[in-house]
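These values consider heavy atoms only, across backbone and side chains, with no hydrogens, waters or symmetry-generated copies. Chain letters run A, B, ... following the sequence lines, proteins first and then strands; every chain starts at 1.
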Amino acid sequence: MIEVQHLTKRFNGKPVLRGVDFQVKEGEIFGYLGPNGAGKTTTMRIILGLLKPTSGRATVFGKDLGDNDDLRGRVGVLLENDGLYERLSAYENLSYYAQLYSVSNMEEKIQNLLKFVGLSDRQNDKVGTFSKGMKRRLALARSIIHDPDVLFYDEPSAGLDPEAQKMVRDLILRLSGEKGRTIFVNSHDLDEVQRVCSRIAILQNGEMRAYDTVENLRKKFSKPAVEVTLTDEKEAEKALDLLNSLDYVSECERDGLRITATVKGEKTSTIISVLARDGIKVEEAKKVTKSLEDVYLDIVRRSEGET
Amino acid sequence: MNSMNITMLVARKEIKEILKNKGLLFGSVWMGGSFGIVFSSQAYSLDNSVFSMALLAGVLVGYMFSGQVFLREKRGGIIETLLCTPLSLKSVWFGKVVGTTIPAYLISLLTVALVTIVSGITLHSFLFPSVVMLIHIFVVVPVFIVSAISLMGLCQFLFGMRENKIMGYLVMLGLLPFIFPNLIGGFIQGEMSLVVSWAEVAVLLVVSVLLLALTTYLSRYLSKEKIVTTIP
């Protein structure tokens with residue numbers, strides 16, 4: 001569906017992308033993560049045909065979008081900018097894009113979409129009078145007015161309130177679930193990516209640092225850890241000294257009465273028995289799984305260390 | 001959809017946006033109108049005033065409109081979304097040129113009408129432009145305006161914001177003496193005695209066509225990458 005092969009891009013000799021490779025399968029929600037300046041937007045612009053790669057290839061349905069006007073009719077986009085005309089009304093904006101995409105049953109589709117994004121009662125108001133959240137919702141409606149097969153979303157819920165963010169997430173899941181659309185999401189919002197994406201790629205300094213399912217990345221980058229909560233300060237100090245002395249504990253962090261111990265191998269269960277043997281009173285103990293945020297930060301920091 | 005329909009679709013949207021921008025519309029009508037009134041009071045020769053004013057109003061108002069149609073859309077990043085639609089870059093550019101030229105030309109005609117009416121009132125006798133002037137108004141002026149807007153729109157798409165600012169000064173300062181050779185000549189001589197000839201109108205038509213040809217040639221350098229990489 002979307003294929004990126006050995007993609008490189010230089011601006012004035014400065015490399016922005018350095019041999020990026022990935023594939024997005026049909027019906028997949030793909031998350032593209034990375035810090036600012038990593039090259040995410042450049043990758044998306046190359047796939048959309050807005051930029052030419054220095055070398056390598058980016059195709060959608062096996063073709064270059066930049067050279068295929070008709071093929072772009074099967075693609076919907078929501079970029080960083082909403083792409084809306086502020087002096088036109090919500091209805092006029094949707095109507096303009098519907099005509100550009102030669103949408104049939106235009107009137108019905110516009111009304112359905114306005115209802116779907118909760119803007120029916122504001123359809124005749126100028127977009128310039130809308131809040132950021134309302135504009136983003138309208139832009140989402142615009143991106144699917146022509147019923148595209150593939151969607152490219154760049155920071156879809158940036159600047160939205162939690163309710164609107166949830167609406168965006170639900171919409172993405174619904175768009176993928178109902179019609180099996182392929183969705184490419186550029187995002188900083190790790191929580192959003194974790195909730196909606198089946199596979200992710202992490203980009204840093206123009207290079208791919210990770211590319212797998214969220215679960216596999218967690219497994220790959222997570223070390224087993226145990227979080228124990230002690231009853232008081234004295235117990236916590238004793239426990240910290242003891243855990244630091246164990247050769248299979250690689251890292252120990254204390255936060256008040258809570259200690260997180262990263263252990264080598266499968267020795268998580270032994271931690272509790274060791275503490276109990278020394279008479280240390282444990283209030284609570286649990287196995288810790290790394291969140292996508294932890295995995296992401298690990299990968300990014302590790303890469304920063306390498307460079 | 002065929003290319004003509006696409007062009008007209010883009011052009012209609014641009015005209016609609018210009019009409020909805022009350023400040024811009026009022027400013028341009030005011031400029032065209034005030035030029036018409038001010039210069040008609042100095043109309044030693046109606047032909048000379050109309051010759052200059054039709055071009056001046058058309059190009060300057062065209063520049064004001066192109067600022068919204070090309071530059072504002074680029075500055076705001078809306079152009080990026082538009083370039084992801086099935087429209088070709090040439091269709092987008094041409095549609096915008098048409099959508100800017102039509103209102104700019106209408107304001108140019110308004111200026112001509114005001115020059116004619118007000119000078120008629122001042123001179124206590126209504127004069128109508130000569131045949132050569134009618135050819136100028138209905139053939140040469142639209143060709144010149146479309147050429148100028150095409151070139152300005154192309155530059156606004158190709159260049160960054162700083163270069164566009166410089167271009168703005170050039171249009172405002174540099175273009176005036178070229179548009180008003182007769183007017184400047186008249187001021188230097190202390191009177192405006194020149195009457196526009198067929199030769200002058202023909203030369204201007206040739207210049208307009210050459211400008212259009214130059215813009216068409218330069219349009220080969222227009223690319224999505226050039227536009228996207230110069231978005232601020």
Novice: Count the heavy atoms of every other residue, nucleotide or ligand shown that sit under 6.0 Å from CD of Glu163(B), and state whether that count exceeds 12.
Specialist: yes
Novice: Determine whether more than 12 heavy atoms belonging to other residues, nucleotides or ligands lie under 6.0 Å from atom CG of Asp67(A).
Specialist: yes
Novice: Looking at every non-hydrogen atom in both residues, tell me the closest pair between Tyr97(A) and Ile78(B) and how far apart they are.
Specialist: OH-CG2, 4.2 Å
Novice: Please determine, among Lys226(B), Glu225(B), Lys224(B), the option with the most heavy-atom pairs under 4.5 Å with chain A.
Specialist: Glu225(B)
Novice: Side chain, backbone, both or neither: which part of Phe11(A) has an atom under 4.5 Å from a heavy atom of chain B?
Specialist: side chain
Novice: Return yes when atom NZ of Lys132(A) has more than 12 non-hydrogen atoms of other residues, nucleotides or ligands closer than 6.0 Å, and no otherwise.
Specialist: yes
Novice: Report the distance from atom CD1 of Ile6(B) to atom OG of Ser102(A), rounding to the nearest 0.5 Å.
Specialist: 7.0 Å
Novice: Write down the atom of Tyr101(A), the atom of Cys84(B), and the distance for their closest heavy-atom approach.
Specialist: OH-O, 3.9 Å
Novice: Tell me whether Phe94(B) at atom CZ has more than 12 heavy atoms from other residues, nucleotides or ligands lying less than 6.0 Å away.
Specialist: no
Novice: How many angstroms lie between atom OG1 of Thr85(B) and atom CD of Gln99(A), to the nearest 0.5 angstrom?
Specialist: 12.5 Å
Novice: Take atom CD of Gln111(A) as the centre, draw a 6.0 Å sphere, and report whether it contains more than 12 heavy atoms from other residues, nucleotides or ligands.
Specialist: yes
Novice: Which atom names give the shortest non-hydrogen contact between Leu88(A) and Lys16(B), and what distance separates them?
Specialist: CD2-CD, 3.8 Å
Novice: Of the listed residues (Leu79(A), Leu51(A), Val77(A), Leu50(A)), which shares the most heavy-atom pairs with chain B below a 4.5 Å separation?
Specialist: Leu50(A)
Novice: Please determine whether side chain to side chain contact (heavy atoms under 4.5 Å, CB included) holds for the pair Leu87(B) and Leu100(A), giving the CA-CA distance in whole Å, both sets of side-chain angles, and the decisive distance to 0.1 Å.
Specialist: CA-CA 7 Å; Leu87(B) 297 189; Leu100(A) 290 180; 3.6 Å; yes
Novice: How long is the span from the OG1 atom in Thr81(B) to the CG atom in Leu78(A), to the nearest 0.5 Å?
Specialist: 7.5 Å
Novice: If we define contacts as heavy-atom pairs under 4.5 Å, which of Val10(B), Ile79(B), Ile227(B) has the most with chain A?
Specialist: Val10(B)
Novice: Count the heavy-atom pairs under 4.5 Å between each of Gly73(A), Gly83(A), Gly49(A) and chain B, then report the option with the highest count.
Specialist: Gly83(A)
Novice: Please look at Arg74(A) and chain B and tell me whether the side chain, the backbone, both or neither of the residue comes under 4.5 angstrom of a heavy atom of that chain.
Specialist: neither
Novice: Test Arg87(A) against Gln68(B) for side chain to side chain contact (heavy atoms under 4.5 Å, CB included), laying out the working first.
Specialist: CA-CA 11 Å; Arg87(A) 286 198 176 82; Gln68(B) 171 175 302; 3.6 Å; yes
Novice: Would you mind checking which part of Leu65(A) comes under 4.5 Å of any heavy atom in chain B, side chain (CB onward), backbone (N, CA, C, O), both or neither?
Specialist: neither
Novice: Does any backbone or side-chain atom of Glu92(A) lie under 4.5 Å from a heavy atom of chain B? Answer side chain, backbone, both or neither.
Specialist: side chain
Novice: Could you walk me through whether Tyr85(A) and Glu73(B) pass the side chain to side chain contact (heavy atoms under 4.5 Å, CB included) check?
Specialist: CA-CA 9 Å; Tyr85(A) 297 96; Glu73(B) 205 159 294; 3.1 Å; yes
Novice: Indicate yes or no: does Lys20(B) engage Glu86(A) in a salt bridge with an N to O separation below 4.0 Å.
Specialist: no
Novice: Can you tell whether the side chains of Arg45(A) and Glu80(B) come within less than 4.0 Å, N to carboxylate O?
Specialist: yes
